[in-house]
Amino acid sequence: MHNSRRQFLKTVTFLSLAGHSDLLSAQETDTLSNRVASIISEYSAQGIHRTGTDVDNLSGQWLADRITLLGISPVLEPFPLDRIVQREGLLKFGQFQLPGIPAYDCNYTDANGVTGRLGELGSNADIGVVMTGGSMPAGIAQALEQARQNNHHRGIVLVTDATYSPDGIYIINGEHFSAPIGPPVLHVANNQWTQLQRAMAAGDLATLIAHCDREVSSAFNVRATIPGSDPGLAPIVVMTPRSGWWRCASERGGGIALFLEILRAVSLGEPRRTVRFTANSGHELGHIGMGKYLQENAGLLQGAAMWIHLGANFAARGSAIRLQFSNAENRDSTLRELALLGLVPAVETPLGNRPLGEARNIFDGGGQYISILGNNPWFHHPDDLWPTAVNLETTAYWAEAFNNLVVTLSQRS
């Protein structure tokens, strides 16, 4: 085994056990809850899961190893990537210097940055400032997108919302990663928000440095297949993202744990339909891994009997579980299955509305889908860590329900 991978797996095992004492008994009692805890804790311990990084690639191999342990042969599917490499991210105003993280889908400065007057986003200031977070109102999100599309400012500063801890940085997804837009955008923490507000009110000068390069790299999706007994039946596809900005314990860990649980359940369930599984990198960069999978499996978009989307945040402590359906029939059959375990979603995306997460890719292509996700007080933030951010009990209940749902769907003619 390669030295870096050996050390990676050794560290993951140590941190997993240190973070959850119950895992010691999991070796003796192989329950669904213990398996979910093991997966999420290991995933969180691996490090920062940004697409194409060493952690992302080693984490993908770890997932493939987990699939192999279930007696199923995984396949790694690489795709090319011009990875962002940050040289410097900094906001300087007055006596203050705020380190930051440039957006992954903007145009960048050189090492000198851009200098101009500070002010609110949408004002006549050279550098527009706005507070952002996971609960960012739709109006602010729309104003930010318009300011970026129209090059309204010479630079934009995104201050992490005050509901987050003062030192961590919330990062927006790079939806325009493949075709960057607008001025340089820098994310900063909220620990100097009061001073920054004063500087904005006074129209003080500031310098924004968002100095990055792109380097040729690659990332990969992890896929597996469980053949059905009737190859003439349309397949089911189970998908989950596996990359993100930080450690993503509750954002991504729940989907990965459920992905493996469904693999286990279907492999033991004698499916009539073939069930395909794909865990995709590139989520935070405009779903580029999902796009690659759809490009290489174009007939599946509408040819699959069902896409099961294991989305973000349903494992988060305090999450309001949201379900999304392509039509009323899918909704009714899912809710009947959930009712057997006494589960009811807190929120549903209205039928016909464009759904959140990778389910939108299926919606846009006219496919059939069932999707689970939620909200998260640590969304896109470094505090999304095992075990504090995860509601293990709730996650295990939903894992059991989706196991039953997918097994039932796979056995139907």
Side-chain angles (χ1 to χ4, degrees), residues 48-57 59-60 77-89 100-110 132-134 136 141-142 144-151 153 155-158 160 169-188 208-222 239-246 248 251-252 255 278-296 309 311-312 354-365 379-381:
I48 296 173
H49 289 280
R50 292 177 197 171
T51 299
T53 60
D54 288 344
V55 169
D56 180 45
N57 293 333
S59 179
E77 297 183 320
F79 58 88
L81 172 73
D82 290 332
R83 192 168 69 86
I84 300 297
V85 179
Q86 178 176 324
R87 302 305 179 192
E88 186 174 19
I101 299 173
Y104 275 48
D105 61 347
C106 64
N107 293 295
Y108 297 117
T109 72
D110 59 16
T132 57
M136 181 168 47
Q142 183 177 13
L144 174 59
E145 181 68 11
Q146 289 177 347
R148 298 183 67 194
Q149 293 278 6
N150 299 331
N151 283 289
H153 301 281
I156 295 175
V157 178
L158 304 183
T160 299
I169 296 177
Y170 164 90
I171 306 177
I172 62 171
N173 280 341
E175 296 292 345
H176 306 284
F177 177 78
S178 298
I181 65 166
V185 176
L186 185 70
H187 308 85
V188 299
L208 184 159
I209 302 173
H211 186 203
C212 296
D213 295 323
R214 286 188 178 235
E215 67 176 22
V216 176
S217 183
S218 64
F220 60 86
N221 300 329
V222 181
M239 60 174 177
T240 195
R242 64 173 195 83
S243 66
W245 292 118
W246 300 103
C248 307
E251 180 189 351
R252 300 267 73 97
T278 180
N280 304 317
S281 190
H283 165 80
E284 75 279 18
L285 305 179
H287 302 176
I288 56 173
M290 183 64 187
K292 181 66 172 177
Y293 182 81
L294 290 174
Q295 180 183 347
E296 295 183 349
H309 170 231
R354 192 174 191 239
L356 302 170
E358 274 77 356
R360 79 184 188 199
N361 298 70
I362 310 308
F363 173 90
D364 292 347
F379 190 50
H380 289 194
H381 192 272

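This is a predicted model, so every value here is computed, not measured. Below, each value reflects all heavy atoms present in this structure, side chains not excepted, and no hydrogens, waters or symmetry copies.
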Undergrad: If the condition is ring-ring contact (aromatic ring centres under 6.0 Å, His included), which residues does Tyr170 pass it with, not counting sequence neighbours?
TA: Tyr164, His380
Undergrad: Checking side-chain contact (heavy atoms from CB on, under 4.5 Å) against Pro102, which of Leu186, Thr109, Asn107 comes through?
TA: Leu186
Undergrad: Does Glu175 have any salt bridge (charged side-chain N to carboxylate O under 4.0 Å, His left out) partners at least two apart in sequence or in another chain, and if so, which?
TA: Arg360
Undergrad: What residues form a salt bridge (charged side-chain N to carboxylate O under 4.0 Å, His left out) with Asp110, not counting sequence neighbours?
TA: none
Undergrad: For Asn150, what residues pass the side-chain hydrogen bond (donor to acceptor under 3.5 Å, both in side chains) criterion, not counting sequence neighbours?
TA: none
Undergrad: Could you tell me which residues satisfy salt bridge (charged side-chain N to carboxylate O under 4.0 Å, His left out) with Glu88, sequence neighbours excluded, listed by chain and number?
TA: none
Undergrad: For Ser243, what residues pass the side-chain hydrogen bond (donor to acceptor under 3.5 Å, both in side chains) criterion, not counting sequence neighbours?
TA: Thr51, Glu284
Undergrad: Enumerate donor-acceptor pairs with a distance under 3.5 Å from any side-chain N or O in residues 77-86 to protein atoms, sequence neighbours excluded.
TA:
unit_1, atom_1, unit_2, atom_2, d
Glu77, OE2, Arg223, NE, 2.3
Arg83, NH2, Glu215, OE2, 2.7
Gln86, NE2, Gly100, O, 3.2

Undergrad: Quick one, Val185 with Leu144, criterion side chain to side chain contact (heavy atoms under 4.5 Å, CB included). Give me CA distance, side-chain angles, the key distance, then yes/no.
TA: CA-CA 10 Å; Val185 176; Leu144 174 59; 5.7 Å; no
Undergrad: Asp56 vs Arg242, test: side chain to side chain contact (heavy atoms under 4.5 Å, CB included). Steps then yes/no.
TA: CA-CA 8 Å; Asp56 180 45; Arg242 64 173 195 83; 2.9 Å; yes
Undergrad: Name all residues meeting the side-chain hydrogen bond (donor to acceptor under 3.5 Å, both in side chains) criterion together with Asn57; count only those two or more places apart in sequence or in a different chain, and write none if there are none.
TA: none
Undergrad: With Glu251, which residues qualify under side-chain hydrogen bond (donor to acceptor under 3.5 Å, both in side chains), at least two apart?
TA: none
Undergrad: If the condition is side chain to side chain contact (heavy atoms under 4.5 Å, CB included), which residues does Leu356 pass it with, not counting sequence neighbours?
TA: Arg322, Gln324, Leu373
Undergrad: With sequence neighbours left out, write down each residue that passes side chain to side chain contact (heavy atoms under 4.5 Å, CB included) with Ile48, or none if nothing qualifies.
TA: Arg50, Trp246
Undergrad: Kindly indicate whether the side chain of Gln146, heavy atoms from C-beta on, has any atom under 4.5 Å from the side chain of Gln149.
TA: no
Undergrad: Going by ring-ring contact (aromatic ring centres under 6.0 Å, His included), name the residues that satisfy it together with His287, two or more places apart in sequence or in a different chain.
TA: His283
Undergrad: Checking side chain to side chain contact (heavy atoms under 4.5 Å, CB included) for the pair Glu145/Ile181: CA distance, chi angles, key distance, verdict?
TA: CA-CA 10 Å; Glu145 181 68 11; Ile181 65 166; 4.1 Å; yes
